[in-house]
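Chain naming here is simple, since letters A, B, ... match the order of the sequence lines and numbering starts at 1 in each.
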Amino acid sequence: GNSVTQMEGPVTLSEEAFLTINCTYTATGYPSLFWYVQYPGEGLQLLLKATKADDKGSNKGFEATYRKETTSFHLEKGSVQVSDSAVYFCALSSGFQKLVFGTGTRLLVSP
Amino acid sequence: EADIYQTPRYLVIGTGKKITLECSQTMGHDKMYWYQQDPGMELHLIHYSYGVNSTEKGDLSSESTVSRIRTEHFPLTLESARPSHTSQYLCASSDGTAHATNEKLFFGSGTQLSVL
């Protein structure tokens, strides 16, 4: 079945540091890939998505590239801010299947 | 900004009480979902609906029930709450078709339930 594996957190960084959160997937067919973000006390929001191989999703300085050869969709940001502190979820959908979420990675950014 | 609302935000109740968690969306979405989020943050799909009068159980077994009498409303009910039901409950909706592979989910802010 479809599954998503994320790196465990928390990821602790200083402001302006470079961020990478790893995400790999297993899926049948040709999945679409997503990153959702959950800020403290809130529900999840879609951060970015990519629907086919080599697509790059980007939003708010975050980027992720759909790599079919390595079945990965790593999230990156060149310079994080304190306001980026949140939980990040990688997710995929494929064919008739419902959205499958990873376990979430907490990011803590200190001033 | 998402137009999906959950009430209450926080609920503390005693064991054995019947509770209903409300979820409403004003976007006209056909698909709606309930997720349970454990303290480790992992999301578990417990119920979903593809439209009025459609309800299905999700991947995680749950003692809760849902109903979908109106498009905009998808309440979740626990007939007899227990401490093991303590969790964060997130409602979501989507405008995707039943077979869409790139649907975007809109989430409510969640209900944090504590059963004593």
side-chain hydrogen bond (donor to acceptor under 3.5 Å, both in side chains) between B:H73 and B:E22, intermediate numbers included: CA-CA 8 Å; B:H73 197 213; B:E22 301 289 348; 2.5 Å; yes

Residue-level interface, residues 104-111 of chain A with chain B, non-hydrogen cut-off under 4.5 Å: A:G104, A:R106

Neighbours of chain B found in residues 73-90 of chain A - heavy atoms under 4.5 Å: A:V87, A:F89

B:Q6, part contacting chain A, at a heavy-atom distance under 4.5 Å: neither

Part of B:L45 within contact of chain A (heavy atom distance under 4.5 Å): side chain

Interatomic spacing from CZ in B:F74 to OH in B:Y48 - rounded to 0.5 Å: 10.5 Å

From CA spacing to verdict: ring pair (Phe, Tyr, Trp, His ring centres under 6.0 Å), B:Y35, A:F101: CA-CA 11 Å; B:Y35 288 86; A:F101 286 94; 5.5 Å; yes

Between B:L43, B:D59, B:L90, the one whose heavy-atom pairs under 4.5 Å with chain A are most numerous: B:L43

CD/A:E8: more than 12 non-hydrogen atoms of other groups inside 6.0 Å: no

Over 12 non-hydrogen atoms of neighbours within 6.0 angstrom of CG in B:L116: yes

Geometric class of the A:Y25/A:Y66 ring pair [parallel <30°, tilted 30-60°, perpendicular >60°]: perpendicular

Test of ring centre spacing under 6.0 Å for B:Y33 and B:H47: no

